[in-house]
Asker: 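Below is a structure I'd like to ask you about.
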Amino acid sequence: MMKVLITGSNGLLGQYLVQRLAGNPDYDVIATGRGPNRLRMKEGYAYESVNMADEAAIKGLVDRHKPDAIIHAAAMTQADDCERNKDSCWMANVSATRFLLQAAEKAGSFFLFLSTDFVFDGLAGPYREEDPVNPINYYGASKAAAERIVKQAKIPWAIARTVLVYGVADDPRRSNIISWVKSNLEQKKKIKVVVDQWRTPTLVQDLAEGCRLIIDKKAEGVFHLSGKDMLTPYDMAEKVAGYLELDKKLFEKVDASSFRQPAQRPAKTGFVIEKAEKELGFSPRSFEEGLKIVVEQLTGK
């Protein structure tokens, strides 16, 4: 049995990591998050609240449990919040990673760090693992800095970068592009949808499975885990409307520059995932398949 510590378990990915691993007798799962456990699934794992800004608390947590593997999914991920609150972003994404990694080195744990396509500038997507990083916003810069720390670790490590993760969270306050389009079009509301940004959107269940494959194989290095389909937000919204038979005439095509956002977004990221397919057996679903899964979860049908 592999003992796995998951940080950020109250987040979208954390939720699905807990579901994927805690239901399997091969894993002993310790989930951690900020504040109380907010997941519907309460059995099959231990939960501890931890403040990732508290170095002593993090080191105490790892020392108590001595996990075989750590999946570090906790992060400050909203790019605009990171731009407005740079100190908080650095603490959450860089300092906390350093604290956790130091504790992992002492425990001899395998360390998996979750990163982002926002480490790239978006001028040459889709990207491979070896392409040079060049973030254009503070969120991306914080993740790139954390990656550099992980790469210097004295223990086996992996970095899993991902792109525009979507799925249904236990927390009803969290929306995704599918639920956002569905809700607005059902209410006959017009929505502005961006046509000049490209991503390879990632179904959260696929990302959780990719992380499981990495820790199972103790696969070291950088891996790109995302969907295969290169789409704009408009493309995604159009597919949602078509699947749900909702009115596409309510869409207004806009450029990203029409939104005033503190954080600049890269224009075209997306990933080439051949390495993950070959070395891990990673096999993500198409956006159409992911859309069907999410709608079934949202509607219970």
Asker: Looking at CG of Asn37 and OG of Ser49, how far apart are the two atoms once the value is rounded to the nearest 0.5 Å?
Answerer: 9.5 Å
Asker: Who pairs with Phe251 by ring-ring contact (aromatic ring centres under 6.0 Å, His included), at least two apart in sequence or on another chain?
Answerer: Tyr234
Asker: Is there a side-chain contact between Glu277 and Lys228 in this structure, where contact means two heavy atoms from C-beta onward sitting under 4.5 Å apart?
Answerer: yes
Asker: Other than Val272, what residues sit in its cluster of Ile, Leu, Val, Met, Phe, Trp and Tyr side chains whose heavy atoms are under 4.5 Å apart, directly or through others?
Answerer: none
Asker: Got a sec, which residues hit side-chain contact (heavy atoms from CB on, under 4.5 Å) with Thr299, two or more places apart in sequence or on another chain?
Answerer: Lys182, Val295, Lys301
Asker: How long is the span from the CZ atom in Phe118 to the OG1 atom in Thr162, to the nearest 0.5 Å?
Answerer: 12.0 Å
Asker: Take Asp117 and Arg265 through the salt bridge (Lys or Arg N to Asp or Glu O under 4.0 Å) test and state the conclusion after the steps.
Answerer: CA-CA 10 Å; Asp117 59 320; Arg265 267 65 169 178; over 6 Å; no
Asker: Tell me whether Ile136 is reachable from Tyr139 by hopping between hydrophobic residues (I, L, V, M, F, W, Y) whose side-chain heavy atoms are closer than 4.5 Å.
Answerer: no
Asker: Do any side-chain atoms of residues 188-196 form donor-acceptor pairs under 3.5 angstrom with protein atoms, and if so which ones, sequence neighbours left out?
Answerer:
{"from": "Lys189", "atom 1": "NZ", "to": "Gln187", "atom 2": "OE1", "distance (Å)": "3.3"}
{"from": "Asp196", "atom 1": "OD1", "to": "Ala256", "atom 2": "N", "distance (Å)": "2.8"}
{"from": "Asp196", "atom 1": "OD2", "to": "Ala256", "atom 2": "N", "distance (Å)": "3.4"}

Asker: Could you give all pairs that pass the side chain to side chain donor-acceptor pair (under 3.5 Å) test and reach residues 127-137, with sequence neighbours left out?
Answerer: Asp121-Tyr127, Asp121-Asn134, Arg128-Glu274
Asker: Give me the other members of the hydrophobic cluster that Met76 sits in, counting Ile, Leu, Val, Met, Phe, Trp and Tyr linked by side-chain heavy atoms under 4.5 Å, directly or via other members.
Answerer: none
Asker: Using links of under 4.5 Å between side-chain heavy atoms of ILVMFWY residues, direct or through other members, which residues join Leu5 in one cluster?
Answerer: Ile30, Val50, Met52, Ile58, Leu61, Val62, Ile70, Trp90, Met91, Val94, Phe99, Leu100, Leu101, Phe111, Phe113, Tyr138, Ile149, Val150, Ile155, Trp157, Ile159, Val222
Asker: Applying ring pair (Phe, Tyr, Trp, His ring centres under 6.0 Å), which residue pairs with at least one partner in residues 49-70 are found, sequence neighbours left out?
Answerer: none
Asker: Under 3.5 Å, is there a donor-acceptor pair between the side chain of Asp235 and the main chain of Thr232?
Answerer: yes
Asker: Hey, is the main chain of Ala219 close enough, under 3.5 Å, to the side chain of Glu279 for a donor-acceptor pair?
Answerer: no
Asker: Could you check whether Lys292 pairs with Glu296 (Lys NZ or Arg NE/NH1/NH2 to Asp/Glu carboxylate O, under 4.0 Å)?
Answerer: yes
Asker: Mark yes or no for whether Asn176, through its side chain, and Ser179, through its backbone, hold a donor-acceptor pair below 3.5 Å.
Answerer: yes
Asker: Going by the rule ring-ring contact (aromatic ring centres under 6.0 Å, His included), which residues pair with Phe287 if we only count those two or more places apart in sequence or in a different chain?
Answerer: Tyr166
Asker: Is Tyr16 reaching over with its side chain to a backbone N or O of Ala169, donor-acceptor style, under 3.5 angstrom?
Answerer: no
Asker: Got a second to check how far Ile178's CD1 is from Leu291's CG, nearest 0.5 Å?
Answerer: 5.0 Å
Asker: Test your reading of the model: is there a side-chain donor-acceptor pair from Asn93 to the backbone of Ala141, 3.5 Å cut-off?
Answerer: no
Asker: Just by modelled atom types, is the Phe271 backbone N or O under 3.5 Å from a matching donor or acceptor in the Thr200 side chain?
Answerer: yes
Asker: Got a second to check how far Leu13's CG is from Gln205's CD, nearest 0.5 Å?
Answerer: 10.5 Å
Asker: Can you check whether Ser109's main-chain N or O pairs, donor with acceptor, with Lys66's side chain at less than 3.5 Å?
Answerer: no
Asker: Check whether Asp54 reaches the backbone of Ala57 with its side chain - one donor and one acceptor, N or O, closer than 3.5 Å.
Answerer: yes
Asker: Is a side-chain N or O of Asp80 found less than 3.5 angstrom from the main chain of Gln261, in a donor-acceptor match?
Answerer: no
Asker: Any side-chain heavy-atom pair from Lys218 and Met2 closer than 4.5 angstrom?
Answerer: yes
Asker: Write out all pairs satisfying ring pair (Phe, Tyr, Trp, His ring centres under 6.0 Å) with one or both partners inside residues 24-45, taking only residues at least two apart or from two chains.
Answerer: none
Asker: How about Leu225 and Leu280: do any of their side-chain heavy atoms sit closer than 4.5 Å?
Answerer: yes
Asker: Is there a donor-acceptor contact under 3.5 Å from the side chain of Thr32 to the main chain of Ile6?
Answerer: yes
Asker: In terms of side-chain geometry, is the basic nitrogen of Arg212 or Glu209 positioned less than 4.0 Å from the acidic oxygen of its partner?
Answerer: yes
Asker: Who else is in Met230's hydrophobic cluster (ILVMFWY, side-chain heavy atoms under 4.5 Å, direct or via others)?
Answerer: Trp198
Asker: For Lys59, enumerate each residue passing the side-chain contact (heavy atoms from CB on, under 4.5 Å) test, keeping only those at least two apart in sequence or located in another chain.
Answerer: Glu55, Gln102, Ala103
